[in-house]
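Numbering of residues begins at 1 and proceeds along the displayed sequence.
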Amino acid sequence: MLKGIIQPNHIPLNKFQLFIVGVPPITFVTVSGIEEVLQTVDMPDRTKASGGQTNPVEFQAQTMMHHLVERIALEAWFKEGQDPVTPTYKKIGTLILKGIQDNVLATYTLPGLFIFNRKLPDFDIADEGNPAMAEWSFSADDVLPI
């Protein structure tokens with residue numbers, strides 16, 4: 001691609017949304033890279049071979065604390081994974097990535113998705129107006145392109 005020319009199918013890093021049945025659409029402020037790793041097997045000749053399966057994935061995402069509907073929904077979902085664990089704490093998520101013209105260019109299904117960590121923001125009286133952000137850690141059984 002030539003520098004300075006944006007192709008019509010360009011996928012920017014700021015146009016994404018996570019959809020989960022029973023949870024309002026979530027627009028995170030940031031999402032860490034979702035890294036999918038293929039299991040490998042060490043062979044007797046010291047080479048590696050595919051184990052045939054991928055490991056579950058983990059990623060972090062941030063929301064603004066003042067986005068009340070999203071925060072309440074994520075808090076309730078996080079509570080589902082705590083004792084007594086509900087049978088519905090694992091959900092199916094759909095991550096939609098949009099192009100610069102708002103057309104959907106990539107979609108990934110995240111089966112077995114759940115929140116396993118919530119980190120509230122650091123508070124500092126010297127901070128003059130930055131938004132308070134909550135960080136959520138997720139685990140999913142797989143990442144499936146649609």
K.L.:
Quick one: do Y108 and F19 end up in the same hydrophobic cluster if we chain Ile, Leu, Val, Met, Phe, Trp and Tyr together by side-chain heavy atoms under 4.5 Å apart?
P.N.:
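In one cluster with Y108: F19, no.
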K.L.:
Rest of the hydrophobic cluster containing M133 (Ile/Leu/Val/Met/Phe/Trp/Tyr, side-chain heavy atoms under 4.5 Å)?
P.N.:
V29, M64
K.L.:
Is V85 reachable from F114 through a run of I, L, V, M, F, W or Y residues, each pair having side-chain heavy atoms under 4.5 Å apart?
P.N.:
yes
K.L.:
Around atom CG of N130, are there more than 12 heavy atoms from other residues, nucleotides or ligands closer than 6.0 Å?
P.N.:
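Enclosed.
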K.L.:
Just wondering, are more than 12 heavy atoms of other shown residues or ligands nearer than 6.0 Å to CD in Q82?
P.N.:
yes
K.L.:
Count I, L, V, M, F, W, Y as connected when their side-chain heavy atoms are under 4.5 Å apart, and connections chain through other members. Are F16 and I96 then in the same cluster?
P.N.:
no
K.L.:
Which heavy atom in V69 sits nearest to a heavy atom in P24, and how many Å separate them?
P.N.:
CG1-CG, 3.6 Å
K.L.:
If you take all heavy atoms of I20 and G93, which pair is closest and at what distance?
P.N.:
CG1-CA, 3.9 Å
K.L.:
For the residue pair E70 and P25, what are the closest heavy atoms and their distance?
P.N.:
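Closest pair (atom of E70, atom of P25, distance): OE2-O, 3.6 Å.
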K.L.:
Taking all non-hydrogen atoms of both residues, which atom of L38 and which atom of S50 are closest, and how far apart?
P.N.:
CD2-OG, 3.5 Å
K.L.:
Mind listing the closest non-hydrogen atom pair of A140 and L110 along with its distance?
P.N.:
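What the structure gives for the nearest pair is CB-CB, 4.1 Å.
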K.L.:
Among E135, Q60, Q62, which one satisfies side-chain contact (heavy atoms from CB on, under 4.5 Å) with T30?
P.N.:
Q62
K.L.:
Please round to the nearest 0.5 Å and tell me the distance separating atom CG of L95 and atom CG of L144.
P.N.:
12.5 Å
K.L.:
Mind checking whether T86 and W77 have side chains closer than 4.5 Å, heavy atoms only?
P.N.:
no
K.L.:
Any heavy-atom pair between the side chains of E36 and D142 that's under 4.5 Å?
P.N.:
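Result yes, sub-4.5 Å side-chain heavy-atom pair found.
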K.L.:
Measuring from T94:OG1 to L18:CG, what's the distance to the nearest 0.5 Å?
P.N.:
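Separation between the atoms: 7.5 Å.
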K.L.:
Grab the two heavy atoms, one from I115 and one from L74, that are nearest each other, plus how far apart they are.
P.N.:
CD1-O, 3.6 Å
K.L.:
Counting only heavy atoms not in Q39 (residues, nucleotides, ligands), do more than 12 fall under 6.0 Å from its CD?
P.N.:
yes
K.L.:
Answer yes if V143 and I92 sit in the same cluster of Ile, Leu, Val, Met, Phe, Trp and Tyr residues linked by side chain heavy atoms under 4.5 Å apart, and no otherwise.
P.N.:
no
K.L.:
Within the 4.5 Å heavy-atom criterion, are V21 and K91 side-chain neighbours or not?
P.N.:
no
K.L.:
Got a second to check how far Y89's OH is from F78's CZ, nearest 0.5 Å?
P.N.:
12.5 Å
K.L.:
As a quick check of understanding, evaluate ring pair (Phe, Tyr, Trp, His ring centres under 6.0 Å) for F28 and F138, giving each step before the final call.
P.N.:
CA-CA 13 Å; F28 294 111; F138 294 87; 5.7 Å; yes
K.L.:
Mind checking the NZ-OG spacing from K90 to S139? Nearest 0.5 Å is all I need.
P.N.:
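Going from NZ on K90 over to OG on S139, the span is 6.5 Å.
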K.L.:
Which residues end up grouped with L120 if you chain together Ile, Leu, Val, Met, Phe, Trp and Tyr wherever their side-chain heavy atoms are less than 4.5 Å apart?
P.N.:
M65
K.L.:
Less than 3.5 Å apart, any donor N or O on the side chain of T27 or Q17 sitting next to an acceptor on the other?
P.N.:
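Present: a donor and an acceptor within the cut-off.
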K.L.:
Say you draw a straight line from CD of E128 to CD1 of I125; how long is it, rounded to the nearest 0.5 Å?
P.N.:
10.5 Å
